[in-house]
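Notes follow once the structure below has been shown.
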Amino acid sequence: MPQKIPKSFYVREDVVTIAKELLGATLVTNIGGILSSGKIVETEAYAAINDRSSHAYMGRRTERNEMMYAAAGTVYVYLCYGVHKMINIITNRIDVPEAILIRAVEPLQGLETMAIRTGKDASDPTLTKGPGNLTTAFGITKALQGEVVFGKTIFTLEGEMKKILQEEIGISKRIGIDGAGEDALLPYRFYLKNNKYVSAWPRK
DNA sequence: CCGGGGATTATCT
DNA sequence: GATAATCCCCGGC
């Protein structure tokens, strides 16, 4: 039986470590009774108030980023460029705004539904590659805002996360961070090498 | 194969 | 009024 990842996994203090350890885990959504699942192959960590690229930099707290201050395991959905939804999982304790952005998964279950949602072919390698494509394929919308990843609408399973070897993990700076100064260079992005669902290498 | 730019809108200043 | 944790298409090499 697949093992759900417990809340204690997300409550820990080091968001960067959690982001790395999440590789290989299985992300599942159950939208209207339809299951979509995939192996997490790419993540990024957003540290708390000293990370300029975080929405919560300097403790900023607004209506949009309120969920970043919620309990570990809470889902934070953010609309980017007016087009793409991104999904984050909150870590650490309440009022410490740290999050993990899930950037890509390798689809496992529900390929046909993903194809319908995205208008692509089920064999299209871009189906769940990149944060915007992933949320579209999995049916993730702001309706999931504030849900936790231990419920039945969305949850995470251990999957292969404990089987990933260090040498299979690639590390880089985060993608698409603009105007964050030196924080844009932090090595907070983790991905599985040689997985075709990992989004592009940093452009700049 | 690579780089540039437009799409599109909630949120912040 | 400007910005943004992106994607896709198109033109050029």
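Here is the naming used below: chain letters follow the sequence lines, and residue numbers restart at 1 for every chain.
Protein atom NE2 of A:H55 is 5 Å distant from nucleotide atom P of C:dA5, rounded to whole Å. Separating the CG atom of A:D183 from the P atom of C:dA5 is a distance of 13 Å, rounded to the nearest angstrom. What separates CG of A:L101 from P of C:dA4 is a distance of 16 Å, to the nearest Å. For the pair A:R64 CZ and C:dT3 P, the computed distance is 14 Å after rounding to whole Å. One interatomic measurement links the two molecules: CD of A:Q145 to P of B:dA10, which rounds to 14 Å at whole-angstrom precision. In this entry the distance linking CE of A:M86 with P of B:dT11 reads 14 Å, nearest Å. Between the CG atom of A:D124 and the P atom of C:dC9 there is a distance of 10 Å, rounded to whole Å. What separates OH of A:Y76 from P of C:dA4 is a distance of 13 Å, to the nearest Å.
A salt bridge does not link A:D14 with A:K20: every distance from a Lys NZ or Arg NE/NH1/NH2 to an Asp or Glu carboxylate oxygen is 4.0 Å or more.
In this structure, A:T141 contributes its side chain and A:A143 its backbone to a donor-acceptor pair below 3.5 Å. A:Y69 places a side-chain N or O within 3.5 Å of a backbone atom of A:G59 that can act as its donor or acceptor partner.
For the pair A:V83 and A:K142, nearest-nucleotide mapping onto DNA chain B gives the more 5' position to A:V83.
Evaluated for a salt bridge (Lys or Arg N to Asp or Glu O under 4.0 Å) with A:E44, the options A:R103, A:R174, A:K173 yield exactly one hit, A:R103.
Within the structure, a side-chain polar atom (N or O) of A:R60 is placed less than 4.0 Å from OP1 or OP2 of B:dT13. Side-chain nitrogen and oxygen atoms of A:R103 include at least one within less than 4.0 Å of the OP1 or OP2 phosphate oxygen of C:dT6. Residue A:H84 places no side-chain N or O under 4.0 Å from the OP1 or OP2 atom of C:dA5.
Contact annotation for A:I177: backbone-only contact, meaning every heavy-atom pair under 4.0 Å involves sugar-phosphate atoms and none involves a base. Residue A:K85 is classed as having no contact, given no heavy-atom separation below 4.0 Å to the nucleic acid. Nucleic acid contact for A:N133: sugar-phosphate only, since backbone atoms but no base atoms lie under 4.0 Å from a heavy atom of the residue.
In this structure, A:Y78 forms no aromatic stack with the base of C:dA5, since the conditions of centre separation below 5.5 Å and plane angle below 30° are not both met.
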| query | How does DNA chain B look in dot-bracket form if you count Watson-Crick and G-U pairs under 3.5 Å, write [ ] for pairs that cross, and put | where a base pairs with another strand? | reply | |||||||.||||.
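Judged by distance alone, the side chains of A:D51 and A:S54 never bring a donor and an acceptor atom under 3.5 Å apart. In this structure, a donor-acceptor pair under 3.5 Å is absent between the side chains of A:T136 and A:R117.
Residue A:Y81 has its side chain nearest to C:dT6 when only C:dT6, C:dA5, B:dA10 are considered.
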| task | Start with the C-alpha distance between A:T156 and A:Y10, add both sets of side-chain angles, then the distance that settles side chain to side chain donor-acceptor pair (under 3.5 Å), and finish with yes or no. | result | CA-CA 11 Å; A:T156 48; A:Y10 296 106; 2.9 Å; yes
